[in-house]
Amino acid sequence: MGLPPLHRAAALGLLAALGLGGAAGCSAAADSAPRAAEVQRPAPGASPTPSGTASATSTDIGWVQLMTPMNQQAVKLLTFAAERAAEPRVRAFAVRLRTGHEAELGLLRPLLIRMELPLTDVHAGHDMPGMVTEQDLEAARAAEGPALDRLVLAQIRDHLRQSARVSRSEITAGGRADARELARALVTAREDFLAELERLPDAVRALG
C-alpha cells in the first residue's frame, strides 16, 4: 500500500531519528512529540535525574511510538494464528510469541506514559516495514490450511526482523537508559524467536 506524499515526507523524521534512512516508513513522531519529552538540563544545585527517567531524545520517541503499534498489530495476527494455523507447532509458536509481545506491551505503554507521550497509535493507517496491516489481517482471515501457516510465517518473520532492526538503533542512539534496556531485551527475544521460526514446518517454503 503506497503512502500519500505527506506521509512519505513525515517518514523521514522518524527514520532519521532511528538511523534507518534507507527503509520506508512514516511518522512525524520526532517532530510532534510533546516538548516535555525534550532534553532538559537540571537547575544548578539540583539532584541529578536518575538515568531511567531522563528526558527522551527523538530516537527514544520514534522507537517507542513505533514499537508499540508494531507489537499491537502483531498480537492480532498471532491471536488468529494461534486459533487457526494448520500445523500444531505453528499454533504453539504463535501462542508463545503472542505472550511475549503482550508482556512487552506491558512495558512499552508505561514507557510512553513516563515520556509523556500519547497512548494513541500515531502510525494508524500508515504502511510501515514490519507492521502487520489491516490488509494483512484480511488476507490471513481468507487463507486456510498450510496457506495460512505460510502467510503467517512470512509476515511474522518480517515483523521480527524489522522490530529487531529499529530496536538495535535505539540501543546505539537512544538517550534513555530504561528505553535502551527494553530495546536490548526485545532484540534478544526477536533473535531467539527468529531462530525458532525458521525451524518450523513450512518455514523453508514460506521464507525462501
Donor-acceptor contact below 3.5 Å, side chain Gln73 vs main chain Val132: yes
Task: Salt-bridge criterion met for Glu134 and Lys76 (N-O under 4.0 Å) - done: yes
Interatomic distance, CG@Leu200 vs CD1@Ile156, rounded to 0.5 Å, equals 11.5 Å
Interatomic distance, CE@Met67 vs CG@Leu107, rounded to 0.5 Å, equals 11.5 Å
- Message: Is it the case that the side chain of Arg190 and the backbone of Leu160 share a donor-acceptor pair, with hydrogens and angles ignored and the cut-off at 3.5 Å?
- Response: no
To the nearest 0.5 Å, atom CG of Leu77 lies from atom CG of Leu151 at 7.0 Å
Any salt bridge linking Arg141 with Glu138? Criterion: basic side-chain nitrogen under 4.0 Å from a carboxylate oxygen. yes
Main chain of Glu87, side chain of Asp149: is a donor-acceptor contact present, judged purely on distance under 3.5 Å? yes
Exercise. Using atom types as modelled and distance alone, determine if a side-chain donor or acceptor of Asp60 lies under 3.5 Å from a backbone N or O of Thr57.
Key: yes
What one should report as the nearest heavy-atom pair of Arg91 and Ala82 is CD-O, 3.5 Å
Subject >> Pairwise side-chain contact, Arg168 with Thr172, heavy-atom cut-off 4.5 Å (strictly under) >> reply: no
Closest non-hydrogen contact found for Gly130 with Met70 is O-CE, 3.5 Å
Notebook entry, point to check: Quick one: do Leu112 and Leu105 end up in the same hydrophobic cluster if we chain Ile, Leu, Val, Met, Phe, Trp and Tyr together by side-chain heavy atoms under 4.5 Å apart?
Noted result: yes
For Thr59 and Ser169, the nearest pair of non-hydrogen atoms, with its separation, is CG2-O, 4.2 Å
Under 3.5 Å: donor-acceptor pair, side chain of Arg180, backbone of Gly175 = yes
**Request:** Taking the side chain as every heavy atom from C-beta outward, state whether Arg98 and Val95 have any atom pair closer than 4.5 Å.
**Result:** yes
Distance-only polar pair, side chains of Ser167 and Trp63, donor-acceptor under 3.5 Å:
yes
So CD of Glu102 and CG of Leu78: to nearest 0.5 Å the spacing works out to 9.0 Å
Got more than 12 heavy atoms from elsewhere within 6.0 Å of CD, Gln72? yes
Should the pair His159 and His101 be assigned to parallel (<30°), tilted (30 to 60°) or perpendicular (>60°) ring geometry?
tilted
Tightest non-hydrogen contact, residues Leu194 and Arg157, listed as CD2-CG, 3.7 Å
Interatomic distance, CG@Leu66 vs OG@Ser163, rounded to 0.5 Å, equals 9.0 Å
Exercise. Are any of the side-chain heavy atoms of Phe80 and Val152 separated by less than 4.5 Å?
Worked result: no
**Message:** Could you check whether any side-chain N or O of Arg84 sits under 3.5 Å from a backbone N or O of Ala143, counting only pairs where one atom can act as donor and the other as acceptor?
**Reply:** yes
In short, Val187 meets Ala164 closest at the heavy-atom pair CG2-O, 3.8 Å
- Query: Could Arg165 and Glu170 be called an ion pair, given the rule that one side-chain N must be under 4.0 Å from one carboxylate O?
  - Reply: no
d(Leu111 CG, Gln65 CD) to nearest 0.5 Å is 10.5 Å
What one should report as the nearest heavy-atom pair of Pro129 and Gln162 is O-CG, 3.1 Å
